[in-house]
Engineer: 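This is the structure I have questions about; it appears just below.
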Amino acid sequence: MPISSDVLIDWFAEQGRDLPWRRPGCTPWGVLVSEIMLQQTPVARVQPIWEEWLARWPRPSALAAAGQGEVLRAWGRLGYPRRALRLHAAADAIAREHGDEVPSDVDTLLALPGIGAYTARAVAAFAYGRRAPVVDTNVRRVVARAVHGAGDAGPPSNTRDMADVEALLPAGDARAARFSAALMELGALVCTARSPRCADCPLTEGCAWQHAGRPAYAGPAKPVQRYAGTDRYVRGLLLEVLRSTSEPVEKSRLDIVWSQAGQRDRCLDSLLVDGLVEQTADGRFALPGEH
DNA sequence: TAGCCGTGGTG
DNA sequence: TCACCAAGGCT
């Protein structure tokens, strides 16, 4: 048994961070907003935006009543702005179809836009105290090391990864939810990707990686995502122009941010397709739903 | 399943 | 400096 739930849960009680979406008064809606914002995004950047959102839109119906452009502006520079539109759409569905209450059932959550295998189970566990295998990048790394003795997780396989974690979950709902939060926190604070703090780890005694002599990662190389000069980068430049102005802009204002016309136009087209940009009747460009 | 989708901090 | 990394989802 490489992971003692008692030891891990005790460690979490003492060392876990006091984050606003973990406080007792936080609503399931607050938890859901945090989970979407935290996708591929560090806690430090999420926290101030989360505070603003919860104060401004304390319930799903409140967010649903806002315009898309407003929501995209409030999203600011968190990144992956399609998340903001999906959360907006999810809020609308929750308000209309679920009585303005965030669902607690994994399958119901999975049906909402922007909510996948991780987020659905994270909400079930952290907002409702349900027993569910919550598998994110931190959990995959901790399990790879502590259970499998590998330096890092291999390529993700949702079915296998969830089965791995399911086997580790303690029996009760509340304890399983606590355990899941603790496992993630251990990966975030101690069992980190670059330089793990094994000296501070509560699980070293049973850790398979430790016993194997901490071998380096031996799996296939992970694909590296370039950014500078990519379409993702250019889309970011275009959106930043629209976020920074309240009035629709002429295309010439967008053309100056990137010299390669072909790539620039392709990116603008894709933003229109994604619903992140709209064209006004007179041919100018703006964030959606504002004109 | 691999590739795409933003952004900023860091070792 | 610059590649890597950060609570994924969708197609």
Side-chain angles (χ1 to χ4, degrees), chain A residues 12 16-17 19-22 30-50 72 75-87 89-90 109-127 132-142 152-162 165 177 180-189 191-197 217 220-243 257 263 266-267 270-271 273-277:
Chain A
F12 182 54
R17 292 166 291 180
L19 299 172
W21 45 85
R22 285 180 179 162
V31 173
L32 172 57
V33 172
S34 80
E35 291 301 340
I36 301 291
M37 288 183 171
L38 286 164
Q39 290 168 5
Q40 302 287 284
T41 310
V43 166
R45 283 173 49 210
V46 164
Q47 193 160 338
I49 307 292
W50 182 90
L72 288 170
W75 192 258
R77 304 183 61 80
L78 271 187
Y80 292 133
R82 295 190 296 181
R83 290 184 292 167
L85 292 185
R86 291 181 184 137
L87 179 53
L109 287 161
L110 281 172
L112 295 169
I115 298 187
Y118 162 77
T119 304
R121 289 168 179 81
V123 169
F126 305 147
V134 179
V135 182
D136 75 332
T137 183
N138 288 309
V139 169
R140 281 171 25 77
R141 185 174 56 249
V142 173
D152 199 354
S157 158
N158 205 276
T159 309
R160 180 171 43 75
D161 294 339
M162 287 207 299
V165 173
S180 295
L183 208 52
M184 286 181 57
E185 190 75 339
L186 189 74
L189 298 183
C191 196
T192 55
R194 297 188 200 182
S195 37
R197 300 166 174 79
Y217 174 66
K222 317 202 167 187
V224 287
Q225 281 211 53
R226 301 265 168 233
Y227 182 57
T230 62
D231 284 6
R232 221 155 74 257
Y233 175 74
V234 175
R235 284 164 57 106
L237 293 179
L238 295 172
L239 275 182
E240 181 55 27
V241 171
L242 300 181
R243 247 189 260 118
V257 302
Q263 184 181 19
R266 178 175 72 241
C267 289
S270 72
L271 288 169
V273 168
D274 288 345
L276 287 163
V277 174

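Since this is a predicted model, take the numbers as computed values, not measurements. Residue numbers start from 1 in every chain, and the chains themselves are labelled A, B, ... in the order their sequence lines are given, proteins ahead of strands. Hydrogens, waters and symmetry mates are skipped; everything else that's a heavy atom, side chains included, is used.
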Engineer: Once salt bridge (Lys or Arg N to Asp or Glu O under 4.0 Å) is applied, do any residues pair with A:R140, and if so which ones, sequence neighbours excluded?
Structural biologist: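 So A:R140 forms a salt bridge (Lys or Arg N to Asp or Glu O under 4.0 Å) with A:D161.
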Engineer: Can you tell me, in whole Å, how much space there is between the P of C:dC4 and that of B:dG3?
Structural biologist: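 So the two P atoms sit 16 Å from each other.
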Engineer: Under 4.0 Å, heavy atoms only, any strand: does A:P81 hit a base, just the sugar-phosphate, or nothing?
Structural biologist: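 Sugar-phosphate, no base atom in range.
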Engineer: Using atom CG of A:L239 as one end and atom C1' of B:dC5 as the other, report the distance to the nearest whole Å.
Structural biologist: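 Going from A:L239 (CG) to B:dC5 (C1'), I get 11 Å.
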Engineer: Base, sugar-phosphate, or nothing: which does A:V46 touch, judged by heavy atoms less than 4.0 Å apart?
Structural biologist: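 No contact at all - A:V46 keeps every heavy atom at 4.0 Å or more from the nucleic acid.
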Engineer: Each nucleotide in nucleotides 5-11 of chain C should get exactly one letter: B, S or -. Can you fill that in based on protein heavy atoms under 4.0 Å?
Structural biologist: SBBBSS-
Engineer: Identify whether any heavy atom of A:D231 sits under 4.0 Å from a base atom; if not, whether one sits that close to sugar-phosphate; answer base, sugar-phosphate or nothing.
Structural biologist: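 A:D231: backbone/sugar contact only, no base atoms under 4.0 Å.
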Engineer: CG of A:L276 versus P of B:dG6: gap in Å, rounded?
Structural biologist: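 Those two atoms, CG and P, are 7 Å apart.
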Engineer: Say whether A:S180 and A:R121, considering side chains only, have a donor N or O and an acceptor N or O under 3.5 Å apart.
Structural biologist: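 No - no donor-acceptor pair under 3.5 Å links their side chains.
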Engineer: What's the gap between C:dA7 and B:dG11 when it is taken at their P atoms, as a whole Å value?
Structural biologist: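 About 14 Å, rounded to a whole number of Å.
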Engineer: Rounded to the nearest Å, what distance is computed from the OH atom of residue A:Y217 to the P atom of nucleotide C:dC4?
Structural biologist: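 Computing the A:Y217:OH to C:dC4:P distance gives 13 Å.
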Engineer: Starting at the 5' end of DNA chain B, which residue's closest nucleotide do you reach first, A:L78 or A:S157?
Structural biologist: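 Per heavy-atom nearest nucleotide, the more 5' residue is A:S157.
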Engineer: Considering every strand and a 4.0 Å limit on heavy-atom distances, what is the contact class for A:I36: base, sugar-phosphate, or nothing?
Structural biologist: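 The residue A:I36 makes no contact with any strand.
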Engineer: Of all heavy-atom pairs between A:A120 and A:I115, which one has the smallest distance, and what is that distance?
Structural biologist: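 That closest heavy-atom pairing would be N-CG2, 3.5 Å.
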Engineer: Work out which heavy atom in A:C267 is nearest to a heavy atom in A:L238; give both atom names and the distance.
Structural biologist: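 Nearest heavy atoms, A:C267 then A:L238: CB-CD1, 4.0 Å.
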Engineer: Ignoring backbone atoms, establish whether A:Y227 has a side-chain N or O less than 4.0 Å from OP1 or OP2 of B:dG6.
Structural biologist: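 So the side-chain polar atoms of A:Y227 never come under 4.0 Å of the phosphate oxygens OP1 or OP2 of B:dG6.
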Engineer: Using the C1' atom on both, measure C:dG9 against B:dT1 and round to a whole Å.
Structural biologist: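 Those two atoms are separated by 14 Å.
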Engineer: Both A:L271 and A:P223 contact DNA chain B. Which one's nearest nucleotide lies toward the 5' end?
Structural biologist: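 Comparing both residues, the 5'-ward one is A:P223.
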Engineer: With A:R77, which residues qualify under side-chain hydrogen bond (donor to acceptor under 3.5 Å, both in side chains), at least two apart?
Structural biologist: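 So A:R77 forms a side-chain hydrogen bond (donor to acceptor under 3.5 Å, both in side chains) with A:E240.
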Engineer: Rounded to the nearest 0.5 Å, what's the gap from CG on A:L189 to CZ on A:F12? Could you check?
Structural biologist: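 A:L189 CG to A:F12 CZ: 9.0 Å, rounded to 0.5 Å.
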Engineer: Over how many whole Å does the gap from A:R226 atom CZ to B:dT7 atom C1' extend?
Structural biologist: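 Spelled out: CZ on A:R226 to C1' on B:dT7 is 17 Å.
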Engineer: Write down the distance between CE (A:M37) and C1' (B:dT7), rounded to a whole number of angstrom.
Structural biologist: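 The answer, rounded to whole Å, is 15 Å.
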Engineer: Once you apply a heavy-atom cut-off of 4.0 Å, does A:R243 come out as touching a base, just sugar-phosphate, or nothing?
Structural biologist: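 Counting heavy atoms under 4.0 Å across all strands, the contact made by A:R243 is with sugar-phosphate only.
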Engineer: What's the spacing between A:T119 OG1 and A:F126 CZ if we round to 0.5 Å?
Structural biologist: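 Here the interatomic distance stands at 10.5 Å.
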